[in-house]
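Computed from a predicted model, the values in this text were never measured in an experiment. The figures here come from the full heavy-atom set of this structure, side chains too, leaving out hydrogens, waters and symmetry mates. Along the sequence shown, the residues carry numbers beginning at 1.
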Amino acid sequence: MKRTLLATAAIAMLTPAVLMADTKPVDPAVLNAVAGFAADVTATDVTTHKLSGGKTLAEFTRANVGYQIVVDGKGKITQVMETQSYRPETPDPRNEAISNVASLHEDLTEFALAGDRSAAQEAIGMIAKGLTDIHPLLNAKAAETVAANLKVIEAAAEAQDWQTVALRAVDGFGQLEGTLDTSKLTVPIDVSMLDYTGFKLSALAGSKTIDWSTVSATIDQSAKQWAALESQVNDKGLRDTLNSIHAGLNTALAEKDASQLAFGAHMELDVVDLLEHYFVAQYKTGTGALPILEDSK
């Protein structure tokens with residue numbers, strides 16, 4: 001198991017003993033102690049290090065979580081901590097190619113909302129080229145849908161209707177993300193759909209006349225995506241933040257408050273970035289370096 005500087009520092013905080021050479025094979029008493037903690041662990045799963053005071057540090061990984069367990073000379077577990085969790089990525093060329101063009105739609109949404117016409121026109125040209133490049137990767141229906149959406153975007157840009165450009169760009173993002181092979185994603189597709197609803201709410205909030213029925217449907221969609229995702233997020237701060245954002249969006253809807261809607265959409269997009277980092281990072285912090293089992297006195 002790879003160890004980051006944080007994990008190494010955690011060991012130092014947990015036990016001031018100096019790590020010595022790995023022991024081979026694993027001491028039976030240590031293995032028995034580890035097996036009592038995680039029954040399916042075998043000797044080949046465990047890496048051990050001798051500590052001063054006759055103790056042994058045993059390391060192993062289960063369910064993408066790294067564990068470090070200190071076992072005393074009598075085979076008793078004295079300390080346990082979770083280290084950094086390992087989340088391997090499996091890059092998929094098709095998904096990456098499609099997501100790159102989907103991201104251009106996000107860029108276009110931002111340019112259109114900001115009134116940056118030059119950047120928006122450049123993004124439209126890049127989207128047109130990108131859709132041509134990924135056409136062989138899409139099924140006939142999806143290819144037809146995104147091509148038709150691009151025509152609407154181009155016509156709206158010609159008419160200087162940047163609100164329609166922004167909304168249609170969001171739709172293009174959602175259409176493309178919906179074609180991804182979800183079995184090969186590191187970040188759950190629900191995160192991308194939260195990105196979609198955040199951008200759509202932001203575009204709707206910027207409308208001269210807000211379509212509150214569409215706002216309501218989009219907030220409902222966002223809530224459903226989060227409900228599907230929430231159980232996969234162990235970070236209580238992230239969960240609480242998303243739940244608070246959705247409460248604020250519903251308040252904005254009830255009060256028909258455009259500024260509060262815009263703020264809630266902006267917050268959702270910010271938290272989506274955190275969710276993406278949460279899932280993409282190869283390592284995330286576990287419960288930390290505090291011992292949860294202590295020597296009995």
Next item on the list: Could you walk me through whether T182 and L185 pass side chain to side chain contact (heavy atoms under 4.5 Å, CB included), step by step?
Entry: CA-CA 5 Å; T182 58; L185 294 175; 4.1 Å; yes

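- V152 and F199 are not part of a single hydrophobic cluster, where members link through side-chain heavy atoms under 4.5 Å apart.
- Between the T179 side chain and the Q175 main chain, no donor and acceptor come within less than 3.5 Å of each other.
- Using a 4.5 Å heavy-atom threshold, the side chains of Q225 and V191 count as separate.
- Between the side chains of E59 and T48, not a single donor N or O lies within less than 3.5 Å of an accepting N or O.
- The minimum heavy-atom distance between W212 and A252, with the atom names listed, is CZ3-O, 3.9 Å.
- Side-chain atoms of S202 do not come within 3.5 Å of backbone N or O of G198 as any donor-acceptor pair.
- A38 meets the side chain to side chain contact (heavy atoms under 4.5 Å, CB included) test with D40, V41, F60; sequence neighbours excluded.
- Under the 4.5 Å side-chain criterion, counting only non-hydrogen atoms from C-beta, E106 is in contact with D195.
- Contact annotation: the side chain of E268 approaches that of T197 to within less than 4.5 Å [non-hydrogen atoms, C-beta and beyond].
- By the salt bridge (charged side-chain N to carboxylate O under 4.0 Å, His left out) test, K129 is found to be paired with D133, residues two or more places apart in sequence or in another chain being considered.
- With sequence neighbours excluded, the residues forming a side chain to side chain contact (heavy atoms under 4.5 Å, CB included) with D273 are E276, listed by chain and number.
- In this structure, NZ on K200 lies 4.5 Å from OG1 on T218, to the nearest 0.5 angstrom.
- Listed for the D72 side chain is no donor-acceptor partner under 3.5 Å among the backbone atoms of K55.
- Closest approach of P188 and Q232 over heavy atoms only: CG-OE1, 3.5 Å.
- A side-chain hydrogen bond (donor to acceptor under 3.5 Å, both in side chains) check over residues 248-266, counting only residues at least two apart or in different chains, returns the pairs D257-S259, H266-D270.
- Applying the side-chain hydrogen bond (donor to acceptor under 3.5 Å, both in side chains) test to every pair with at least one member in residues 138-158, sequence neighbours left out, gives these pairs: N149-R168.
- Under the 4.5 Å side-chain criterion, counting only non-hydrogen atoms from C-beta, L229 is in contact with L275.
- Not counting sequence neighbours, the partners of S207 by the side-chain hydrogen bond (donor to acceptor under 3.5 Å, both in side chains) test are Q163.
- Placement of L167 and L113 in two distinct hydrophobic clusters is found when ILVMFWY residues are connected by side-chain heavy-atom separations under 4.5 Å, directly or transitively.
- Using a 4.5 Å cut-off on side-chain heavy atoms (C-beta onward), L261 and L253 make no contact.
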Margin query: Test side chain to side chain contact (heavy atoms under 4.5 Å, CB included) on L194 and V271; report intermediate values, then the result.
Written below: CA-CA 9 Å; L194 283 174; V271 176; over 6 Å; no

I'd like a table of donor-acceptor pairs (distance under 3.5 Å, sequence neighbours excluded) in which one partner is a side-chain atom from residues 116-127, with atom names and distances.
from, atom 1, to, atom 2, distance (Å)
D116, OD1, A119, N, 3.1
R117, NE, Q160, OE1, 3.4
R117, NH1, Q160, OE1, 3.0

Next item on the list: Give the intermediate values and the outcome of side chain to side chain contact (heavy atoms under 4.5 Å, CB included) for residues D27 and T56.
Entry: CA-CA 9 Å; D27 186 294; T56 300; 5.9 Å; no

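- Between D92 atom CG and T186 atom OG1 the span is 10.0 Å, to the nearest 0.5 Å.
- Applying the salt bridge (charged side-chain N to carboxylate O under 4.0 Å, His left out) rule to K236 yields the partners D240; only residues at least two apart in sequence or on another chain are considered.
- Considering only residues two or more places apart in sequence or on other chains, D45 meets the salt bridge (charged side-chain N to carboxylate O under 4.0 Å, His left out) condition with R62.
- Formation of a donor-acceptor pair under 3.5 Å by the R239 side chain with backbone atoms of E230 is not found in this model.
- Nearest heavy-atom pair, A33 versus G75, reported as atom, atom and distance to 0.1 Å: CB-O, 3.4 Å.
- The two residues T109 and A169 come nearest to each other via the heavy atoms OG1-CB, 3.3 Å.
- Residues that satisfy the side chain to side chain contact (heavy atoms under 4.5 Å, CB included) test with D107, not counting sequence neighbours, are L104, E110, F111.
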Checklist line | Stepwise side chain to side chain contact (heavy atoms under 4.5 Å, CB included) check, T78 with I69 | finding: CA-CA 8 Å; T78 61; I69 295 176; over 6 Å; no

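- Contact of the L138 side chain with the I98 side chain is registered, since non-hydrogen atoms from C-beta on lie closer than 4.5 Å.
- For the pair W226 and N243, the minimum side-chain heavy-atom distance is below 4.5 Å.
- To the nearest 0.5 Å, atom CD1 of residue I219 and atom CG of residue L249 are 5.0 Å apart.
- Residues L274 and L238 meet the side-chain proximity criterion, which asks for heavy atoms closer than 4.5 Å.
- Annotation for L137 and A97: closest pair CD1-CB, 3.8 Å, computed over non-hydrogen atoms.
- Every residue meeting the side chain to side chain contact (heavy atoms under 4.5 Å, CB included) condition with E177, not counting sequence neighbours, appears here in chain and number order: S99, A102, F173, L180, I189, S192, M193.
- Sequence neighbours left out, not one pair with a member in residues 204-224 passes salt bridge (Lys or Arg N to Asp or Glu O under 4.0 Å).
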